Number of protein chains: 2
Amino acid sequence: MARGPGTRAGLTRTAVLDAARALLAEDGLPGLTMRALARRLDVAPNALYSHVAGKTELVDALLDDHLAAVHDPTPDAADPVAAVADLMTSTFDVLVTAPDLVPLYLQRRGARGENAIRLGATMDALLARAGVPAEAIPTARNNLIVHAVGAAAFATAEGADPTAARHAFVAGLGWLLAGIVRS
Amino acid sequence: MARGPGTRAGLTRTAVLDAARALLAEDGLPGLTMRALARRLDVAPNALYSHVAGKTELVDALLDDHLAAVHDPTPDAADPVAAVADLMTSTFDVLVTAPDLVPLYLQRRGARGENAIRLGATMDALLARAGVPAEAIPTARNNLIVHAVGAAAFATAEGADPTAARHAFVAGLGWLLAGIVRS
DNA sequence: CAATTAAACTGGACGATGTCCAGTTCAAGG
DNA sequence: CCTTGAACTGGACATCGTCCAGTTTAATTG
């Protein structure tokens with residue numbers, strides 16, 4: 001049962017990330033610790049550093065991987081405004097799925113990973129097709145992202161009513177989109 | 001120079017909070033540690049626990065105290081919608097002042113402290129005077145708070161352009177208010 | 001004014017965290 | 001087959017928040 005030094009355990013980067021995801025789902029953010037992760041993989045804590053640069057890099061990867069679940073609408077949809085609404089709603093729903101991660105999006109700025117970049121790009125394209133002038137697109141995108149992430153943060157805060165928070169998110173999204181297309 | 005056990009150091013809860021605020025301003029959130037705080041006050045780390053329940057309570061107090069700087073508009077202003085806009089803009093500006101605290105507002109839900117309650121109450125009164133139906137006020141308030149705090153979080157993230165972020169905040173605030181009064 | 005009580009502190013420790021420095025062993029490539 | 005480099009373990013380091021005794025001082029009581 002005891003593995004000596006040098007013996008392989010067959011770890012993979014994706015295995016580490018999967019275990020981290022599971023650990024996060026089971027025990028929350030405070031439960032996600034390098035040692036607990038190693039324990040779950042039956043490995044010494046240091047072994048993780050062969051597959052991950054450190055905890056922050058681990059978390060960053062988790063954050064962006066999570067965004068992969070966002071439903072990417074067809075960029076040539078008939079109604080681009082409705083498509084943007086769908087995109088943001090899907091983002092909100094996905095974020096709410098992992099409450100512990102939401103504050104981290106604010107802390108680490110949610111724009112680094114490739115999934116975040118992809119979502120931003122399709123959003124820009126949809127906004128352009130909706131008639132938003134090019135120089136106004138950054139402002140519009142900023143507001144929409146702030147709204148989705150901020151609403152998710154409030155929706156997942158303890159003591160919040162999830163359904164009421166979602167209703168508020170949808171209402172605010174409509175108001176923002178109305179203002180954006182009118183500008 | 002060395003103080004034996006039992007000798008008083010003359011600490012106060014407000015002295016501890018002030019030192020914590022200064023420490024936060026100088027060294028940021030990672031620099032705000034119980035031990036560093038004690039060092040700054042020339043006191044053993046445990047001494048702090050005579051004036052503060054723990055670090056989370058310390059941070060919560062810091063958060064709410066920070067909101068005291070928000071300019072509270074006269075609740076009987078001529079234009080209630082403009083007053084709400086001023087309130088939210090002042091909140092945004094105050095939040096941006098302490099970048100490290102902003103993510104914590106999302107984490108700990110920004111509604112517990114007395115200052116937060118006070119701001120929420122005046123906001124509700126202004127919205128009512130603006131003609132917003134009572135059952136729609138919670139949704140409106142939720143969206144406005146989300147917008148202010150979320151925009152502040154994005155504005156203070158590293159790599160963000162502060163002036164552009166503020167412009168985006170003002171634009172989004174206008175859109176939200178337009179939608180709120182029209183509902 | 002004297003005696004008791006409660007609070008403010010110090011000393012020292014505990015458990016836990018992220019991470020690094022050696023070693024050891026296995027798997028693959030020349 | 002041999003060599004090289006990566007995957008591991010063992011053990012340690014610094015640091016964190018917090019608690020348990022003690023000790024002394026200030027406030028309160030009779």
Side-chain angles (χ1 to χ4, degrees), chain A residues 1-63 100-101 103-104 107-108 112 158, chain B residues 1-63 100-101 103-104 107-108:
Chain A
M1 192 133 211
R3 191 185 324 104
T7 321
R8 303 298 164 96
L11 279 193
T12 321
R13 172 166 231 263
T14 60
V16 172
L17 291 180
D18 288 347
R21 228 183 317 270
L23 200 54
L24 190 68
E26 291 175 15
D27 301 340
L29 190 58
L32 178 58
T33 172
M34 290 290 127
R35 298 178 128 92
L37 189 52
R39 212 174 302 129
R40 168 182 269 258
L41 292 164
D42 199 42
V43 146
N46 316 338
L48 303 174
Y49 290 82
S50 294
H51 307 271
V52 159
K55 191 178 185 180
T56 68
E57 195 249 4
L58 195 242
V59 171
D60 282 347
L62 246 50
L63 289 176
D100 294 291
L101 290 183
L104 299 179
Q107 236 167 351
R108 305 208 178 279
R112 272 244 262 288
E158 55 180 339
Chain B
M1 195 136 209
R3 189 183 330 103
T7 321
R8 303 297 163 99
L11 279 194
T12 321
R13 172 167 230 264
T14 60
V16 172
L17 292 179
D18 288 347
R21 230 183 314 271
L23 201 54
L24 191 68
E26 291 174 14
D27 301 340
L29 190 58
L32 178 57
T33 171
M34 290 290 127
R35 298 178 127 93
L37 189 52
R39 212 175 301 129
R40 168 182 270 257
L41 293 164
D42 199 42
V43 145
N46 316 339
L48 303 175
Y49 290 81
S50 294
H51 306 271
V52 160
K55 192 179 184 181
T56 69
E57 195 249 6
L58 195 241
V59 171
D60 283 347
L62 245 50
L63 289 176
D100 293 290
L101 290 184
L104 300 180
Q107 235 166 350
R108 305 210 177 280

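Letters A, B, ... mirror the listed sequences (proteins, then strands); counts begin at 1. Not measured: the values here are computed from a predicted model.
- In this structure, B:Y49 places its OH atom 13 Å from C1' of C:dC14, rounding to the nearest Å.
- Rounded to a whole Å, the CG atom of B:L37 is 16 Å from the C1' atom of D:dT15.
- Atom NZ in A:K55 sits about 15 Å away from atom P in C:dC20, given to the nearest Å.
- Side-chain atoms of B:L104 and B:L62, non-hydrogen and from C-beta on, never get closer than 4.5 Å to each other.
- For C:dA7, the base has a donor-acceptor partner in the side chain of B:R8 [N/O atoms by modelled type, under 3.5 angstrom].
- Distance CG (A:L48) to C1' (C:dC20): 14 Å, rounded to an integer number of Å.
- For C:dG18, the base has no donor-acceptor partner in the side chain of A:N46 [N/O atoms by modelled type, under 3.5 angstrom].
- Look at CE on A:M34: it is 23 Å from P on D:dA12, rounded to the nearest Å.
- Looking at every heavy atom in both residues, A:K55 comes nearest to A:L32 through NZ-O, 2.8 Å.
- Contact annotation: B:H51 does not reach the phosphate of C:dA7 (side-chain N/O to OP1 or OP2, under 4.0 Å).
- Rounded to an integer number of Å, the gap from A:R13 CZ to D:dA7 P is 12 Å.
- Nearest approach of B:L37 to B:A20, heavy atoms of both residues: CD1-N, 3.4 Å.
- Counting only heavy atoms from C-beta outward, the side chains of A:L41 and A:L48 approach each other to under 4.5 Å.
- For B:T33, the side-chain atoms get nearest to D:dG17 when compared with the rest of D:dG17, D:dT9, C:dT19.
- Rounded to whole angstrom, the span from the CG atom of B:L32 across to the P atom of D:dG17 amounts to 8 Å.
- Protein atom CZ of B:R39 is 10 Å distant from nucleotide atom C1' of D:dT15, rounded to whole Å.
- Comparing C:dG18, C:dC9, D:dG17 by their nearest atom to the side chain of B:R3 picks out C:dC9.
- Nearest heavy atoms, A:A9 versus A:V43: CB-CG2, 3.8 Å.
- Residue A:A47 is classed as a base contact, given a heavy-atom separation below 4.0 Å to a base.
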